[in-house]
Amino acid sequence: MSFEERIAGVVREAARAAYGVELEVVHVERPNETAHGDFATNVALANAKAFRRNPREVAERLAEALDAPLVERVEIAGPGFINFWLTREALWQELETLLREGEDYGRGADSGEPVLLEFVSVNPTGPMTVAHGRHAAYGDSLARIMQAAGGEVTREYYFNDGGNQIRLLGESVAVRYAELHDREWSVSDPEALYRGEYIRDIARDFSSERGDTFLGMDQNKALTEIQAFAVGWCMEDIKKTLGRARVVFDSYFNEKSLYESGAIEELLRDLREGGYVYESEGALWLASSKLGDDKDRVLVKQDGSYTYMAPDIAYHRDKWNRGYRTAVDVLGADHAGYPPRIRAGLAALGIPGEFLDVELIRLVKLLRGGEQVKVSKRAGTFVTFDELLDEVGEDVARYFYVRSSHQTEMNFDLDLAIQQSDENPVFYVQYAHARIASIFARAGINPGELREMVPGDLAPEERALTLQLLDFPRVVRNAAARREVHPIPTYLETLAARFHQFYTVNRVLVDDEALRDRRLALCAATKAVLANGLNLLGVNAPEKM
RNA sequence: GCGCCCGUAGCUCAACUGGAUAGAGCAGCGGACUUCUAAUCCGCAGGUUGCAGGUUCGAGUCCUGCCGGGCGCGCCA
């Protein structure tokens with residue numbers, strides 16, 4: 001149990017003893033100011049009215065009724081805060097727990113609740129861009145964080161390898177392919193073709209693997225082959241980039257399978273039976289306005305083809321049918337209108353709205369030398385995720401992406417990113433880890449083989465470091481619950497700062513053995529938490545720098 | 001026009017979803033290496049948290065109205 005929970009518990013007891021009252025919420029937090037104690041609570045302020053007493057009086061009485069061995073002293077401060085200082089024994093005990101749990105420290109109890117996390121899901125029409133990189137970094141880190149918090153997370157990539165975009169890709173490659181052999185390939189709309197350099201790469205690879213035989217045959221037949229090759233090429237390319245960035249998926253879900261399995265037909269039949277669809281103007285509509293959406297949406301177009309709504313609702317129903325009770329979709333901010341529509345569809349099937357949790361990621365605005373660049377995949381004016389990884393490395397890139405909230409628009413200047421990569425705060429955090437490794441190397445012992453230690457007094461820097469270390473589980477839990485990744489970097493930077501401050505003032509390898517053992521323990525604990533935290537972000541924790 | 005999101009130091013971002021004197025990094029100025037890694041530490045300077053009201057013991061955080069920016073409001077996905 002965390003200190004917050006334990007303190008909340010004793011405060012509840014005190015309220016029972018002093019007032020015979022059962023408090024509902026007891027908020028305990030770590031004050032910003034060290035002078036305000038290790039922990040503080042505002043219960044006296046929050047309940048003063050109910051007790052019909054002024055807050056300080058309530059605080060006094062609660063403090064008197066307090067019975068807690070882990071608390072060394074309390075102080076009433078300000079308008080009625082109760083500030084707590086913990087005993088050194090209590091702190092050391094928690095540190096020992098931390099050391100014992102090692103890389104499991106911060107891991108919550110398994111909730112047993114399976115969660116499906118879908119992210120990236122970019123269709124295979126080209127390389128990943130820096131914008132997709134943000135999705136990959138955020139989604140993968142979120143998966144790690146939710147797992148650490150006890151969730152049973154499956155990472156899924158949903159893609160469509162059919163449709164207009166894909167046909168366009170095939171034609172684009174075909175034109176280049178023909179060019180390679182000094183031939184021409186006629187397309188309906190040359191303006192619409194993809195122009196990126198990678199199109200030539202695909203054409204070249206296709207040509208060298210399959211020769212020129214496809215130029216002699218029926219265009220449609222050839223196009224099918226070229227298209228399949230191009231899709232495979234792009235998918236391969238995307239997976240390679242993801243792997244480089246240490247992003248792994250548990251499953252890839254193909255939209256096509258929904259057609260093949262009959263899931264879409266089944267969906268439409270069930271919606272019809274439920275009375276949630278109607279025909280109008282030759283199209284089939286979902287009465288989504290009755291289910292929380294702004295207006296009704298077309299499911300089947302006049303020409304008989306489906307809108308994206310049909311497969312997408314079927315896909316989410318499939319997630320539900322697979323046993324997931326939480327589906328987190330990581331989508332671009334331009335999908336703002338998406339959640340209510342899908343929820344409407346799901347509601348028609350009796351699936352509750354809370355099932356779908358959509359996290360919208362703000363756009364990445366691309367700049368060059370301060371000037372905004374219009375990004376277009378078709379025109380080939382984009383920066384790839386690979387280029388970024390080449391320039392700044394995996395650690396810097398991943399850290400950079402998740403350092404700010406996914407809800408904040410991100411200005412991305414590749415020139416600036418390269419220029420500033422060596423002052424990226426990730427090094428500050430990694431350096432703390434390497435410094436500790438170096439201490440252990442010097443001491444000639446392994447962080448896992450510490451001797452039994454005797455609790456002793458904590459210097460101010462040691463105390464601050466300890467409290468920060470013990471805050472880790474709470475930070476992970478909160479981040480997971482709020483689907484936020486950026487609290488982890490924020491936490492790690494503070495932890496690294498606490499360590500560097502401690503290191504500057506207190507020498508670890510001193511002659512006094514008891515003191516030396518305690519400080520080594522503190523170092524080992526810090527090293528473990530830094531490694532755990534960096535791991536949640538997919539960033540390395542180096543032994544040397 | 002309607003809906004959602006955002007506005008915090010010169011710049012990039014935090015602030016434990018209502019707490020105490022709003023914090024870091026970068027940029028600027030000044031200090032600290034014969035001692036476990038100076039990719040570090042310490043100090044100075046930098047703010048009317050877009051504006052105006054309201055709610056309460058307390059507001060960057062909640063409510064209302066403005067101002068400014070982004071996104072959405074397709075039989076595109």
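These numbers come from the heavy atoms of this one structure, side chains and all, not from hydrogens, waters or symmetry mates. Below, read A as the first sequence line, B as the second, and so on, with proteins coming before strands; counting in each chain starts at 1.
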Residue among Asn424(A), Asn540(A), Asp395(A) satisfying side chain to side chain donor-acceptor pair (under 3.5 Å) with Gln430(A)
Asp395(A)
Of the candidate nucleotides C36(B), C41(B), G72(B), which contains the atom at the shortest distance from the side chain of His500(A)?
C41(B)
Among A20(B), C5(B), A77(B), which nucleotide sits nearest the side chain of Thr307(A)?
A77(B)
Please state whether the phosphate of C75(B), meaning OP1 or OP2, lies under 4.0 angstrom from any side-chain nitrogen or oxygen of Gln302(A).
no
What is the base-pairing partner of G43(B), counting Watson-Crick and G-U wobble geometry with both distances under 3.5 Å?
C29(B)
Which nucleotide sits closest to the side chain of Arg482(A): U17(B), U56(B), C6(B)?
U17(B)
Under 4.0 Å between a side-chain N/O of Tyr431(A) and OP1 or OP2 of A39(B), yes or no?
yes
Phosphate OP1/OP2 of A38(B): any Arg435(A) side-chain N/O under 4.0 Å
yes
Can His36(A) be classed as stacking with the base of A20(B), given a centroid separation cut-off of 5.5 Å and a plane angle cut-off of 30°?
yes
Tyr428(A) vs C41(B): side-chain N/O to OP1/OP2 distance below 4.0 Å
yes
So, is Lys295(A) near the phosphate of C73(B), with a side-chain N or O under 4.0 Å from OP1 or OP2?
no
Option among Leu537(A), Leu534(A), Thr494(A) that satisfies the side-chain contact (heavy atoms from CB on, under 4.5 Å) test with Val429(A):
Leu534(A)
Under 4.0 Å between any heavy atoms, over every strand shown, what does Asn164(A) touch: base, sugar-phosphate, or nothing? Just pick one.
nothing
Are the aromatic ring centres of Phe499(A) and His433(A) under 6.0 angstrom apart?
no
Please name the nucleotide paired to U64(B) by Watson-Crick or G-U wobble geometry with both distances under 3.5 Å, or report none.
A52(B)
Integer angstrom distance from the P of U61(B) to that of A15(B):
15 Å
Pull up the glycosidic torsion of C33(B) and say syn or anti, syn being anything within 90° of 0.
syn
Any side-chain N or O of Lys301(A) under 4.0 Å from OP1/OP2 of C76(B)?
yes
At less than 4.0 Å, is any side-chain N or O atom of Asn123(A) found next to OP1 or OP2 of A77(B)? Yes or no.
no
Thr408(A) vs A14(B): side-chain N/O to OP1/OP2 distance below 4.0 Å
yes
Looking at OG of Ser121(A) and CG of Asn160(A), how far apart are the two atoms once the value is rounded to the nearest 0.5 Å?
11.0 Å
Gap in Å between the two C1' atoms, one belonging to G58(B) and one to A39(B), rounded
42 Å
From the options A39(B), U40(B), C75(B), select the nucleotide whose nearest atom is closest to the side chain of Glu281(A).
C75(B)
Using the C1' atom as the reference point in each nucleotide, state the distance between U49(B) and G7(B) in Å, no decimals.
9 Å
Answer for the Watson-Crick or wobble partner of C4(B), both distances under 3.5 Å, is G70(B)
Please indicate yes or no: is the ring centre of Phe81(A) less than 5.5 Å from the centre of the six-membered base ring of A20(B), with the two planes inclined by under 30 degrees?
yes
Counting just side-chain N and O atoms, does Gln501(A) come under 4.0 Å of either OP1 or OP2 of C42(B)?
yes
So which nucleotide from C16(B), C41(B), U17(B) ends up closest to the side chain of Thr504(A)?
C41(B)
Ranking U35(B), A14(B), U12(B) by distance to the side chain of Ser405(A), first place goes to A14(B)
Based on the glycosidic angle (syn within 90° of 0, else anti), state the conformation of U17(B).
syn
Starting at CZ of Phe502(A), measure out to CG of Leu522(A) and round the result to the nearest 0.5 Å.
5.0 Å
Classify the side chain of Asn424(A) versus the base of A39(B) as yes if they form a donor-acceptor pair under 3.5 Å and no if they do not.
no
